[in-house]
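I have placed the structure first, in the form of structure tokens, so that the comments after it can refer back to it.
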Amino acid sequence: MEPAIEVTKLSFSYKDGTRALDRCSVTVERGTKVAILGPNGSGKSTLLLHFNGIHLVQQGTVRVLGKTVNQHNEQWLRSKVGLVFQDPDDQIFSGTVWEDVAFGPVNQGLRGEELEAKVRQALRFVNMEQYGHKVPYHLSYGQKKRVAIAGVLAMDPDIIVLDEPVAFLDPAGKRALFELLNRLNRQGKTIVTATHDVDLAARWADKVIILCRGRVLTQGEPALLTDKTIVQEAELELPTVTEIFAPFPDLCQPKTPVTVEEARSIIKQLL
Amino acid sequence: MEPAIEVTKLSFSYKDGTRALDRCSVTVERGTKVAILGPNGSGKSTLLLHFNGIHLVQQGTVRVLGKTVNQHNEQWLRSKVGLVFQDPDDQIFSGTVWEDVAFGPVNQGLRGEELEAKVRQALRFVNMEQYGHKVPYHLSYGQKKRVAIAGVLAMDPDIIVLDEPVAFLDPAGKRALFELLNRLNRQGKTIVTATHDVDLAARWADKVIILCRGRVLTQGEPALLTDKTIVQEAELELPTVTEIFAPFPDLCQPKTPVTVEEARSIIKQLL
Amino acid sequence: MQGIEDKPSAGIWIRGVDARVKMIAVVIFIINATTLQDKTLLLTTAFLLLGISLIAGISPVHLVKRLAVILPFGGVMVSVIPFVTPGEPVWTLQLGAFKLAVTKEGWEAAILPCLRMLTAFLGMAFLTSTTSLREMTHALNHLKFPKILILLIDFTVRYIAVVMDELNRMQTARKARGFKPGRGLWDRHTVKTIGSTLAMLFLRSYERAERVYLAMLSRGYTGRYKCCGHCHRIKKLDLSFGAAMITVSWAIKLVDMGGIQWSPLLK
Amino acid sequence: MHIPDGFLDAKTWVSATVISTGALGYSIAKTREQLSDRQVPRLGVMAAFIFAAQMVNFPIAGGTSGHLLGAALATALLGPWSAVIVLATVLMIQCFVFQDGGLTALGANILNMGVVGVLVSAGLYGPLSRLVKGKTGVVLASFAASWASVMAAAFMTGAELALSGIPFAVVLPAMLGVHALIGIGEGVITAAVVLAVLNAGFSPNWLRKGDVCSE
């Protein structure tokens, strides 16, 4: 089976000449949870906008579910890859929650009963079913975020891409969001998030892709985040767990811990 | 010496009737680093806006540096308490970085040499000296954040209050920010930040104040964050370090670890 | 700015009436009322509308607040026209060397537009206090009002809330750094501060517009909006309400147009 | 300057409505050419901005304060065709939500503040900012455009009232006099905003003159 997303030597420059991506090659396997890491300005958002065909490929190729992305399969692509923007106020533009969630499916040509069902299902999935008639302005930030995700889910995409999803969420909001993303993942959806939260990536992702100044520095297991050279070059930081164990190289054999569970099991062995 | 900020039984309702604060009493000692924690909507921002006289006291009292806050000492108050907003775009509006940093001092009546000196000093402090002539709108997020802080520093406040300072910063930006805040603290400034990042509070603060639905749930040592009941009631989460050691109550004697250093010293003893 | 999108609080029973019917009825009422010549009939219409509004549960305080918006214009007109219209003076005001006289013709000329203004105001107050803007734009859509304008109104209302929040936060941040507006336009610091604030707000809005557009594209937007709103059937109650309003309106209008000829018929 | 219902007679408001409907239709066609599928999101958010800008209070003199009309500001930043639509949208919302401006007078209000205000602004802003180079030109052009747009709107209001048989001719000079002062406020603030926008590196592409801010 082809990977969900396969990017080969993708380069991209903005109109003002800024080179945002420089021969990036990344692969996202189907059904996985992938975190794209990198400091602000490393090209994360630009890369995400390629997955959905918002940025057209200038150089290199982007393949989604086995098809090479071009101008002619734009609409197909947008139904396969759902993009959740950073600021939900950019994404929720309709007057009511229901109408906003319906926007995508309506563009796909859904009407009547079928549309109703899709919207209801998406809202139920994000636990916002009773908010359909609400005006977006009155929702909390976390609720808006979930409505934005519902708007994408209603289009029934295979791949869901989120740009910096947790930046302004409080712990409860974060938990709800990740619970939601994991549920989606268990249903077979591929989830890609761009973030600069290493702890989150270490704890949650199956794979990390580290970007730095428009280039792919490295990609692979979350254990990559324990490599001090990589982390420093990408201007990131070590995950908290790794930081704790850094002065004890012996404990980091055979594997440096990155998650809370790994840390616990090392401590258990020590007792 | 009087505390930097002393709030007694402060209640506040918005015009639409929402009660944002309900008999809050908190104390911030001079020269300390204090983190105000709580989920979104717990009243953190409303409380901060009282420190600077933006919200006028409806019920209860707010004392800053020993003086009771009222309408007549507004301007004095604003020169003593500097407020850094969450989104630097809300705060920075001038045509150049220099002008923006000069805005506060100009409002205080400073002109000429004295003004120049203040602005230069503030910009140097945040490492943005060579950006004076730049258009702030085009700076990176981290740089904007620093300009916003410089704009407050130029007014030479004793107390610096920051609302959710790290929400959107990447690791390098966070490091730079905290290095900056610690430097200010060493110079004797009192630093108050509102946040929902427990790890940050555990690592950085001398004191934490936990708000929940407009009330002060508790305040004191960062060790309070290891109390599961409190953390749950405030819809927060345990600091990562505490979470790791949660299944090992024996290791948490005499003190549950909250910081990376504390965790390391426990592990050292185990070896 | 949250008031814009909120459901109106007033009009418990009347809110159920179809917005299309309400709109058409009120528009006819206003057009007819603003062309009435007879002051008694105008007053009758005004009281009728006031009555319906009060029955609908609109609070008098709310009406007075609304009235404050149009009073400046109306007030100036009423206080100017009677004095400047040439004619037979009925009342004079001596201000030092100046003598101001209210003329009979002027008074006549002022009172009619003002009564019309008041009547139309009550009609609009009835409509806007019992119908949310969303219901109105929805109704306009079904009434074949140009779609692009409806979309623009919906979009604008949605983002007025967002942009006003940004503006308010910016103004708070300015205040927090000790800004106090000066006394007048000659205060350079004040003008510069207001100018820069609005400039920044413009740039933020402009960029937001671009991001909103990208977010729409990513959900399959092709530049065309497809209708997804469902059309409620107009019920008998709606129709009878509309018919009653329109009949009353035309009845008053006809009496006004041919009042004199009607009176013998009634005998 | 929002005319309420009741002051305009039928022939006046119907004609005003017809004219502004035509102008609005033409503007919509024009902006669709320029913005294509960006039209609705761009104009919608921009209308929200103009609405917010009109809410900002600025001191004029002696404790009085003013608000922007926004016609010249919208024109300078967005170009005339977008400006007509944006202002019409704002006026419609003001009419239907705040009852600011009458229903029958809506067409006239759009004509005065939207269409005529914008066309006068555009007629002055473009040529003036090309004639006088650099930032001085921009300040001069936006001040003149704003002042003239306020005067034009006031004149149109007066003319419509006079056409409706309201004996208004006598007060027209006084009304224009007052608005000549109000126009100064509009001009000063608009110039400050436009200058700051250009200083931030944004050049309104309806004029294609990026050279203004290249100093």
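Quick caveat: nothing in here was measured; it's all calculated off a predicted structure. Just the heavy atoms: all of them, side chains too, but no hydrogens, waters or symmetry mates, feed the values below. In the text below, chain A, chain B and the rest are named by the order of the sequence lines, each starting its count at 1.
- The distance from the CD atom of Q91(B) to the OG1 atom of T172(C) is 11.0 Å, given to the nearest 0.5 Å.
- For a residue to count as touching a neighbouring chain, one of its non-hydrogen atoms must lie under 4.5 Å from one of that chain's; by this rule L83(B) touches chain C with the side chain only.
- Remark: E2(B) CD is packed, more than 12 non-hydrogen atoms of other residues, nucleotides or ligands lying under 6.0 Å away.
- Counting heavy-atom pairs under 4.5 Å between each of V152(B), L77(B), D100(B), V84(B) and chain C puts D100(B) at the top.
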Going through the distances and angles, do R204(C) and D87(B) end up as a salt bridge (charged side-chain N to carboxylate O under 4.0 Å, His left out)? CA-CA 12 Å; R204(C) 295 176 78 176; D87(B) 184 350; 3.3 Å; yes
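- Looking only at distances, a side-chain donor or acceptor of N107(B) sits under 3.5 Å from a matching main-chain atom of R177(C).
- Taking the charged nitrogens against the carboxylate oxygens, K180(C) and E74(B) do have a contact shorter than 4.0 Å, which makes a salt bridge.
- At most 12 non-hydrogen atoms from other residues, nucleotides or ligands lie less than 6.0 angstrom from CZ of R213(B).
- One distance of note links CE of M170(C) with CG of D89(B); it measures 8.0 Å at 0.5 Å rounding.
- Crowding of Q71(B) atom CD: a count of heavy atoms from other residues, nucleotides or ligands under 6.0 Å not exceeding 12.
- A distance-only check finds a donor-acceptor pair linking the side chain of Y137(B) to the backbone of L203(C) [under 3.5 Å].
- Within a 6.0 Å sphere centred on CZ of R183(C), other residues, nucleotides and ligands contribute 12 heavy atoms or fewer.
- Taking the charged nitrogens against the carboxylate oxygens, R174(C) and D90(B) have no contact shorter than 4.0 Å, which rules out a salt bridge.
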Take T193(C) and F93(B) through the side chain to side chain contact (heavy atoms under 4.5 Å, CB included) test and state the conclusion after the steps. CA-CA 8 Å; T193(C) 302; F93(B) 62 90; 3.8 Å; yes
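- Using a 4.5 Å heavy-atom threshold, the side chains of R169(C) and Q86(B) count as separate.
- Nearest heavy atom pair, residue A176(C) against residue F85(B), reads CB-CE1, 4.0 Å.
- Residue-environment remark: CD (E113(B)) stays at or below the threshold of 12 foreign heavy atoms within 6.0 Å.
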